Number of protein chains: 2
Amino acid sequence: MISERLRQTPLYEQVRTEILQRLVSGYWKPGEPLPNEFDLAAEFGVSQGTVRRALGEMAARNLVTRIQGRGTFVREYDSRWALFHFFHVVEADGTRHEPKTELISHRLAPAGERVAKALGIGPEDRATWMERVRLLDGRPVIYETVVVPDAIFPGLGLVNVIPSSIYVLYEQFYGVLVSTAEEDLSALPASAEAARHLGIAEGTPVLAIERIAGALDGRRVEWRLSLCDTREHRYRNHLGG
Amino acid sequence: MISERLRQTPLYEQVRTEILQRLVSGYWKPGEPLPNEFDLAAEFGVSQGTVRRALGEMAARNLVTRIQGRGTFVREYDSRWALFHFFHVVEADGTRHEPKTELISHRLAPAGERVAKALGIGPEDRATWMERVRLLDGRPVIYETVVVPDAIFPGLGLVNVIPSSIYVLYEQFYGVLVSTAEEDLSALPASAEAARHLGIAEGTPVLAIERIAGALDGRRVEWRLSLCDTREHRYRNHLGG
DNA sequence: TAGTGGTCTAGACCACCAC
DNA sequence: TGGTGGTCTAGACCACTAA
């Protein structure tokens with residue numbers, strides 16, 4: 001029950017926050033339908049229109065999916081959405097292809113200064129380190145290092161199989177839904193290691209994407225450094241509109 | 001007057017489209033207030049709520065600014081908004097600074113194959129070419145080439161002064177409001193020319209941002225190639241949320 | 001105080017889906 | 001056919017701005 005009339009915050013924001021907390025807490029799980037608007041309105045003690053507004057905003061943020069005639073559903077992780085939202089690799093002609101992923105290494109180790117600072121944890125805190133190569137048409141185009149805190153993903157460093165879409169793993173095994181990312185882009189000469197994995201000469205310019213991914217509840221859950229060979233591919237950004 | 005009840009498209013979309021066309025056509029000019037919701041509703045033959053929804057969506061897309069107690073205003077170009085929306089240069093520590101701009105050259109010439117293809121014009125069509133350097137703390141960090149069709153910006157190639165924020169010029173002198181951008185990012189070795197302007201060694205990796213900017217009415221109005229020295233600065237992207 | 005946008009409600013009707 | 005979300009309306013009241 002919401003409906004405190006002393007409110008400084010609008011009712012629809014309170015409703016949105018309450019619904020969000022239920023998603024975060026797992027009270028409603030990905031893929032499940034929410035109660036309909038009238039039931040939610042009755043439960044929260046507001047009108048249907050207020051619930052509608054809250055749900056509409058959540059749909060705009062991709063937290064729920066609304067389907068006319070069927071209902072409102074907790075968003076399931078869609079690898080294509082992620083791929084194109086967080087990783088817009090395109091061919092020179094603008095077409096998009098889904099890269100394949102090969103896991104190179106995978107271990108438990110301290111986070112270290114740089115990652116710790118990015119994720120807001122201690123440098124000695126344990127984390128799972130993964131190295132991967134992404135391939136397009138069988139040729140390596142991205143060499144990346146992914147680091148996640150063991151406190152948030154316990155045991156991930158010991159698992160045998162890491163699926164290609166790691167964000168699906170985060171969601172389905174740990175209930176962590178990645179919803180935001182902050183990326184810092186720069187150009188670097190390829191290190192010896194990166195050059196080896198990408199099959200290019202050491203010192204070749206590579207696009208470096210340092211990403212901090214955030215979960216629904218605002219926690220920073222992943223640090224990632226992607227080194228991209230952009231001689232034949234581009235990283236695309238669409239802004240505005 | 002809208003309100004055709006045979007509609008396939010919702011009324012609020014028709015209202016939005018009609019208002020957008022008035023912005024594009026200059027019927028309402030940047031900075032000017034729109035009529036209030038009731039007057040617009042009466043003019044279009046819809047209810048206030050429908051106008052409200054149309055305006056709310058336009059506010060979300062940054063086309064108008066709504067201020068409680070004052071009214072709804074046609075958005076004026078805000079250089080800071082653009083800078084951070086289209087060009088998020090950040091220091092290593094994440095702070096943002098507005099770069100200064102120096103115009104290096106400025107001439108009228110054919111668009112050429114690459115630009116013509118990007119802008120959807122003919123390679124022989126005339127265009128204004130501008131070269132600029134952007135500086136942070138007096139040091140060059142970005143060397144960029146900006147090309148715009150003479151058909152859209154007639155005489156720009158002959159003007160003496162080009163202001164630092166070129167998008168303000170587009171808007172105030174030509175009524176062209178840049179609202180979208182598509183960017184392709186890659187890493188390149190600095191050419192001799194870029195190296196000279198950036199004060200770096202030839203072959204140093206630079207971040208290349210090839211941008212096609214779109215106007216409110218959907219026309220592609222600018223092609224731009226920015227070569228960024230990212231040794232001490234980053235280009236930041238915020239996704240999701 | 002008058003006028004604006006912001007919130008909230010209540011209810012009608014439509015479009016779509018599943019059964 | 002019944003239930004869902006989508007659109008649209010009408011009207012009340014609030015919050016903010018400006019004169």
Side-chain angles (χ1 to χ4, degrees), chain A residues 1-20 22-23 28 30-76, chain B residues 1-20 22-23 28 30-76:
Chain A
M1 188 68 78
I2 289 185
S3 181
E4 296 298 326
R5 295 297 171 147
L6 342 153
R7 61 197 149 62
Q8 303 134 347
T9 44
L11 286 180
Y12 67 84
E13 283 190 17
Q14 297 180 44
V15 170
R16 200 183 56 201
T17 302
E18 176 59 29
I19 294 175
L20 179 60
R22 295 193 186 183
L23 300 193
W28 291 317
E32 285 182 4
L34 272 58
N36 73 39
E37 296 173 349
F38 283 101
D39 291 348
L40 285 171
E43 183 186 351
F44 293 138
V46 300
S47 77
Q48 183 215 13
T50 301
V51 170
R52 171 180 294 284
R53 172 152 185 188
L55 289 176
E57 291 182 0
M58 297 186 75
R61 297 184 196 189
N62 235 303
L63 300 175
V64 297
T65 306
R66 315 193 78 199
I67 306 175
Q68 183 172 123
R70 291 191 56 206
T72 302
F73 302 84
V74 183
R75 197 199 93 198
E76 283 189 284
Chain B
M1 189 69 78
I2 288 183
S3 181
E4 296 299 325
R5 294 297 170 147
L6 341 153
R7 60 198 149 62
Q8 302 134 349
T9 44
L11 287 179
Y12 67 84
E13 284 190 18
Q14 298 179 45
V15 170
R16 200 183 55 201
T17 302
E18 175 59 28
I19 295 175
L20 179 59
R22 295 192 186 184
L23 301 192
W28 291 316
E32 286 182 3
L34 271 60
N36 73 40
E37 296 173 350
F38 284 101
D39 291 348
L40 285 172
E43 184 186 352
F44 293 139
V46 300
S47 78
Q48 182 214 16
T50 301
V51 170
R52 171 181 293 285
R53 173 153 183 186
L55 289 175
E57 290 181 2
M58 298 186 74
R61 296 183 198 190
N62 236 302
L63 300 175
V64 298
T65 306
R66 314 193 79 199
I67 306 175
Q68 183 172 126
R70 292 192 55 204
T72 302
F73 302 84
V74 184
R75 195 200 93 199
E76 282 189 285

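Here the structure is a predicted model, which means the values were calculated and not measured. Per chain, numbering begins at 1; letters A, B, ... match sequence-line order.
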Which one is paired to dA12(C), where only Watson-Crick or G-U wobble pairs with both distances under 3.5 angstrom count?
-> dT7(D)
Got a donor-acceptor contact below 3.5 angstrom from the Q48(B) side chain to the A41(B) backbone?
-> no
Minimum heavy-atom separation for M58(A) to I19(A), with atom names?
-> SD-CG2, 3.7 Å
Residue-phosphate contact under 4.0 Å: Y12(A) side-chain N/O, dC8(C) OP1/OP2 = no
Do L34(B) and L55(B) have side chains that get closer than 4.5 Å, going by heavy atoms?
-> yes
Is any side-chain nitrogen or oxygen of T50(A) closer than 4.0 Å to OP1 or OP2 of dT7(C)?
-> no
State whether T72(B) places a side-chain N or O below 4.0 Å from either non-bridging phosphate oxygen (OP1 or OP2) of dG5(C).
-> yes
For L34(A) and dG3(D), give me the distance from atom CG to atom P, rounded to whole Å.
-> 19 Å
Specify the separation, in whole Å, of atom CG of L11(A) and atom P of dA10(C).
-> 12 Å
DNA chain C: F38(B) or S47(A), which has the more 5' nearest nucleotide?
-> F38(B)
Decide yes or no, distance alone: a donor-acceptor N/O pair under 3.5 angstrom between the base of dG6(C) and the side-chain of R52(B).
-> yes
Please report, rounded to the nearest Å, how far the C1' atom of dC17(C) is from the CZ atom of R70(A).
-> 8 Å
R66(B) side chain, from C-beta outward: closest of dC8(D), dT9(C), dG5(C) | dG5(C)
Value in whole Å for how far the P atom of dC16(D) lies from CD of Q68(B) | 6 Å
Heavy atoms under 4.0 Å, any strand shown: does E37(B) hit a base, just sugar-phosphate, or nothing?
-> sugar-phosphate
Verify, without hydrogens or angle tests, whether R75(B) (side chain) and N62(B) (backbone) share a donor-acceptor contact under 3.5 angstrom.
-> yes
Nucleotide nearest P10(B) when distance is taken to its side chain, options dG6(D), dC8(D), dC8(C) = dC8(D)
With heavy atoms under 4.0 Å as the rule, sort I67(A) into base, sugar-phosphate or nothing.
-> sugar-phosphate
Rounded to the nearest angstrom, tell me the gap between atom CG in N36(A) and atom C1' in dA18(C).
-> 15 Å
Separation of dT7(C) P from F44(A) CZ (nearest whole Å) | 19 Å
Measure from CZ on R16(A) to P on dC8(C) and round the result to the nearest Å.
-> 11 Å
Check the distance between dG6(D)'s C1' and L55(A)'s CG and give it to me in whole angstrom.
-> 13 Å
Hey, could you give me the CD/OG1 distance between Q14(A) and T17(A), rounded to the nearest 0.5 Å?
-> 7.5 Å
Of the listed nucleotides dC17(C), dA15(C), dT7(D), the one nearest the side chain of R53(B) = dT7(D)
